[in-house]
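Following: one structure in structure tokens, then a few remarks.
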2 protein chains.
Amino acid sequence: MHNFQALFDYVQKLSGETLSADDRQVFITHFKPKKIRKRQYFLQEGDVCKYTGFIVKGAAKTFTVDEKGHEHILKLSIENWWLADFESFYKLTPSRFNIEALEDLEILQITHSLVEEFIRPIPAFSAMQNVLSQNNTIAAQKRMQSSISQTGEERFQELVNDYPHFIQRFPQNLIASYLGLTPETLSRIRKNALK
Amino acid sequence: MHNFQALFDYVQKLSGETLSADDRQVFITHFKPKKIRKRQYFLQEGDVCKYTGFIVKGAAKTFTVDEKGHEHILKLSIENWWLADFESFYKLTPSRFNIEALEDLEILQITHSLVEEFIRPIPAFSAMQNVLSQNNTIAAQKRMQSSISQTGEERFQELVNDYPHFIQRFPQNLIASYLGLTPETLSRIRKNALK
DNA sequence: AAATACGCTTGATAAAAGTCAATCTATTTT
DNA sequence: AAAATAGATTGACTTTTATCAAGCGTATTT
């Protein structure tokens, strides 16, 4: 039996509400456990993102590949995050992004229509969605603010302060890409910062 | 009597639902019309953003000022947008942003607690919030993607394509700041693009 | 009408970041 | 164990963008 406890804990924590036994059963009925091995894709550019997945274990990157073949990482996702290209997921349009497992992934996945029909009616879940939406708005605003007004070095320092576990968990070339820098530039930034 | 029609139209359009006469009365009771003259502040750094305002007429910029005294514009807002620093508005913490009228503003403003108590229970409104939240997530993702993977010139071209009315309505130095560029750099980018 | 602000442009120079190539180390994979 | 791969670093050089300063029109203000 797959581990739904992480999902229950997460929903309850963010919503501040309790899930009844019946609620839990609805989750268990509609979310499907799935494993994705390292280097496998959860989503490929051009495909429709039919599922969103709650990460129970593992990590993934969401990225594009430009004309020169360079990767640009938009998101790094770990346990207790939702995996999806939400534009494609909401609108059922082909995605511009790839999502690839960086470590073996265990997720609980579900389609948009099943969420709408069965999961969103659960009050704790929609309360969680509201909190999550607020958190995401705030985080997106902060990241955008950094991006337009700070140097690479300042953005890196902010990441070290705000998400130190990301620095430990992911190799530097991925962190660099997430910050909009090349690996060489981040390497030099770190060298200079050591003074 | 202030123009609530723009707000009603907006809520109905985004939600796909109809507002009853009673619903409308709830809006009229709790939203307060306010005028803010050009160059006046809706919000100042360090203050708590107690209100969100629906823009009926006019335009505003949301920006920070860095240690060197340079402005960085995070958002440019016009009719049918909501004005606020949502981090400060949701959490009632002091804001890091300033919001200033670029043109005389007519807004309909309301506090967070009044929204929660009286407005959000209106189904069309909460449906609108859901759609808005999705749209914002998608737009934020797209802008972030541009920021980490494109040059200034490409970001400018994208803005011209996606929001041509912004280019017409705001001076170039504000557009430059919104794109994370100096006015000089944007001026040169445009000169080169004319070839 | 004169004075002032503002916005845009251009030039010269500096700083930040990217590109390409080489090397080194530490894992993985075979 | 050997081979292959992945990640990090460094050097030389280029491109992109910022900075500072000046000049020029056009609104606004007085």
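We use all heavy atoms of the structure for the numbers below, so side chains are in, but hydrogens, waters and symmetry mates are not. To find a chain, count down the sequence lines: A is the first, B the second, and so on, and within it residues start at 1.
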Sidechain N-carboxylate O distance under 4.0 Å for B:Glu153, B:Arg190: no
Taking only side-chain nitrogens and oxygens of A:Lys191, does any of them come within less than 4.0 Å of OP1 or OP2 of D:dT9? no
With respect to the phosphate group of D:dT17, does any side-chain polar atom (N or O) of B:Thr185 fall under 4.0 Å of OP1 or OP2? no
B:Phe63/B:His72 aromatic ring centres below 6.0 Å: no
Distance flag, aromatic centroids of B:Tyr10 and B:Phe54, threshold under 6.0 Å: yes
Quick tally for nucleotides 21-30 of chain C: nucleotides whose base has a protein heavy atom under 4.0 Å get B, sugar-phosphate-only ones S, the rest -, giving B-------S-
For the pair made of [atom1] in [X] and [atom2] in [N], what is the distance, rounded to whole Å?
X	N	atom1	atom2	result
A:Arg155	C:dA16	CZ	C1'	10 Å
A:Arg188	D:dG11	CZ	C1'	7 Å
B:Glu154	D:dT15	CD	P	16 Å
A:Glu153	D:dT17	CD	P	20 Å
B:Ile189	C:dT9	CD1	C1'	14 Å

Listed nucleotide nearest any side-chain atom of B:Lys68, set D:dG11, D:dT17, D:dT19: D:dT19
Among C:dT9, C:dA17, D:dT9, the one nearest B:Arg190 by side-chain distance: C:dT9
Any residue of residues 162-174 of chain B with a heavy atom less than 4.0 Å from an atom of DNA chain C: B:Pro171, B:Gln172, B:Asn173
Going by atom types alone, do [X] and [Y] pair a side-chain donor with an acceptor below 3.5 Å?
X	Y	result
B:Ser95	B:Ser88	no
A:Ser177	A:Glu71	no
A:Asp23	A:Ser20	yes
B:Thr137	B:Gln141	no

May I ask you to say what B:Thr151 touches in the nucleic acid, namely base, sugar-phosphate or nothing, with a heavy-atom cut-off under 4.0 Å? sugar-phosphate
Need one value for B:Thr182: base, sugar-phosphate or nothing, where a base atom within 4.0 Å counts as base even if backbone is also close, heavy atoms only. base
The helix from C:dC6-D:dG25 to C:dT30-D:dA1: angle between terminal helix axes, five bp per end, to the nearest 10 degrees, reads 50°
Give none if C:dA2 has no partner; otherwise give the nucleotide forming a Watson-Crick or G-U wobble pair with it, both distances under 3.5 Å. D:dT29
